[in-house]
Amino acid sequence: MPNDENLHFKNLNSLLLSNCQLKGPIPQWLSRCHKLQFLELSWNHLGGNIPSWVGKFDSLFYLDLSNNSLKGEIPKSLTELQSLVSGKVTIEELVSTFELYTARQGGSVLIYRQISSFRPTIDLSYNILHGPIWPGFGNLKRLHVLNLEENKFSGPIPNNLSGMTGLEILDLSHNKLSGEIPHSLINLCFLPNFNISYNQLWGKVPQGGQFDTFPNTSFEKNNGLRYAQCTCQSEQIPVLSIRERKRTIIGLPFKIGAATGFVLTVICCFMSGLALPKPHKRKYIRFVTS
């Protein structure tokens, strides 16, 4: 990393150094970049704690520290990022010829040309972070993506997370979270992607809102979770009595059998001469009666 004494990056607003084999802690010199809006340091070998000054950038709306070896608790200052609380920050665009590359799980790469194309994000996934998920995250009304997957977070899921009304992705999977799923999360109306699998949660899965659209994989490997039974009358199959079931089962075959038997009987009668006399018998009868 560059020497702290030779850096004068006070006007730096974007830094993307993903997959650059960076090692050591998050560099202290970044704390001087008060205008920072975009910080992408994913897919490196960074260790140590996330410094509290990361949450002091008033304009920071995109933070990706995923796929590193960061440890410790999330600094509470991240719940006070002003750009994600009020969203009143003007994003300074890069020139259109400058391309931004971000790596994703599975090896895919996304390419952007403008800073404003990125959704407001906090991605701390695939680290060794532990401790609670702070209720203060609920203050981040402008946040669209919160990804805390594959860490060691414990404790309950805070009710206050329902305050993140702009949230589109919430991934808390592969942690050690316990307790019930807060019913208040059904108020997250714009949340199509939700994952709390591989935790230690229990109780009923909330019903209503976006929760009615999430697949079972969003909740798997939580042995204490259970789904509430649907009581919708329109979805229930009507229960028939024993007599009605017999009528249903026997009635149709009986009618078919009776009709078939009648037709066969008529045919047999025609063939045996019982239904109509043969021609020579009709002549004999006319001769006698005349």
Side-chain angles (χ1 to χ4, degrees), residues 22-28 30-31 36 39-57 60-85 105 120-164 167 169-185 188 191 193-203 218-225:
L22 301 179
K23 298 180 180 180
I26 296 175
Q28 179 67 29
L30 275 174
S31 63
L36 202 61
L39 181 58
E40 218 311 3
L41 299 177
S42 64
W43 295 91
N44 283 294
H45 305 287
L46 298 173
N49 298 337
I50 300 174
S52 60
W53 48 258
V54 174
K56 303 298 183 180
F57 299 127
L60 187 67
F61 77 95
Y62 189 96
L63 175 65
D64 190 349
L65 303 176
S66 62
N67 291 277
N68 280 287
S69 299
L70 298 169
K71 58 184 180 180
E73 295 184 352
I74 300 175
K76 286 187 177 181
S77 60
L78 286 187
T79 67
E80 302 169 356
L81 286 167
Q82 289 304 304
S83 60
L84 300 178
V85 173
Q105 294 295 335
T121 294
I122 293 179
D123 191 344
L124 307 177
S125 60
Y126 291 87
N127 279 287
I128 321 173
L129 299 168
H130 63 81
I133 297 175
W134 303 118
F137 275 112
N139 298 326
L140 307 181
K141 300 181 183 301
R142 305 297 179 181
L143 187 65
H144 286 203
V145 178
L146 178 60
N147 191 350
L148 304 179
E149 178 187 4
E150 279 283 358
N151 280 283
K152 296 183 178 181
F153 294 114
S154 58
I157 299 174
N159 285 307
N160 306 54
L161 295 190
S162 61
M164 296 186 290
L167 209 59
I169 297 176
L170 177 58
D171 195 335
L172 307 177
S173 62
H174 293 269
N175 281 287
K176 299 180 179 180
L177 300 174
S178 58
E180 297 183 288
I181 303 172
H183 190 267
S184 61
L185 295 185
L188 296 175
L191 184 67
N193 296 297
F194 177 74
N195 196 344
I196 53 170
S197 61
Y198 292 87
N199 277 287
Q200 300 168 10
L201 300 166
W202 52 270
S218 295
F219 308 98
E220 65 182 355
K221 300 301 180 181
N222 286 280
N223 295 331
L225 282 182

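All heavy atoms count here, side chains included; hydrogens, waters and symmetry mates do not.
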Residue pair Leu143, Leu167: steps toward the side chain to side chain contact (heavy atoms under 4.5 Å, CB included) verdict: CA-CA 6 Å; Leu143 187 65; Leu167 209 59; 4.2 Å; yes
Does Leu63 form a side chain to side chain contact (heavy atoms under 4.5 Å, CB included) with Asp123? I'd like the steps, not just the answer. CA-CA 6 Å; Leu63 175 65; Asp123 191 344; over 6 Å; no
For the pair Leu84 and Phe61, evaluate side chain to side chain contact (heavy atoms under 4.5 Å, CB included) and give the outcome as yes or no after the intermediate values. CA-CA 6 Å; Leu84 300 178; Phe61 77 95; 4.1 Å; yes
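How far CD of Gln82 is from NZ of Lys56: 10.0 Å, rounded to the nearest 0.5 Å. Summarising the geometry, atom CG belonging to Leu140 is positioned 5.5 Å from atom CD1 belonging to Ile122; distances are rounded to the nearest 0.5 Å. Asp64 CG to Leu39 CG: the interatomic distance, rounded to the nearest 0.5 Å, is 8.5 Å. Distance OG/Ser42 to CG/Leu65: 8.5 Å, rounded to 0.5 Å. For the atom pair CG (Leu36) and CG (Leu60), the distance works out to 5.5 Å, reported to the nearest 0.5 Å. Note: Asn68 CG to Leu22 CG = 8.0 Å, rounded to the nearest 0.5 Å.
Across Pro132 and Glu73, no two heavy atoms sit closer than the pair CD-OE2, 3.9 Å. Annotation for Asn175 and Glu150: closest pair ND2-N, 4.1 Å, computed over non-hydrogen atoms. Taking both residues in full, the closest heavy atoms of Leu146 and Met164 are given as CD2-CE, 3.9 Å, listed atom of the first, atom of the second, then distance. Across Ser77 and Ser52, no two heavy atoms sit closer than the pair OG-O, 2.6 Å. Listed here is the closest heavy atom pair of Leu201 and Asn222: N-OD1, 3.1 Å. Nearest heavy atoms, Leu188 versus Leu161: CD2-O, 3.9 Å.
Residues Ile26 and Trp53 form a side-chain contact, since some pair of their non-hydrogen atoms from C-beta on lies under 4.5 Å apart. Side chains of Glu149 and Tyr126 form a contact here, defined as non-hydrogen atoms less than 4.5 Å apart. Contact check for Ser154 versus Lys152: no side-chain heavy atoms found under the 4.5 Å cut-off. Taking 4.5 Å as the limit, some side-chain heavy atom of Ile133 sits within range of a side-chain heavy atom of Leu177. In this structure the side chain of Leu70 never reaches within 4.5 angstrom of the side chain of Leu124, judged on heavy atoms. Side-chain contact between Ile196 and Leu170: absent, with no pair of heavy atoms (C-beta onward) separated by less than 4.5 Å. Within the 4.5 Å cutoff, the side chain of Leu78 has heavy atoms near those of the Val54 side chain.
By the side chain to side chain contact (heavy atoms under 4.5 Å, CB included) test, Thr79 pairs with Trp134, Phe137, sequence neighbours left out. By the ring-ring contact (aromatic ring centres under 6.0 Å, His included) test, Phe153 pairs with no residue at all, sequence neighbours left out.
Asn195 and Ser197 share a donor-acceptor pair across their side chains, judged by distance under 3.5 Å alone.
The aromatic rings of Phe194 and Phe219 sit tilted, their planes meeting at an angle between 30° and 60°.
Of the listed residues (Ile50, Leu148, Asn49), just one forms a side-chain contact (heavy atoms from CB on, under 4.5 Å) with Leu129, and that residue is Ile50.
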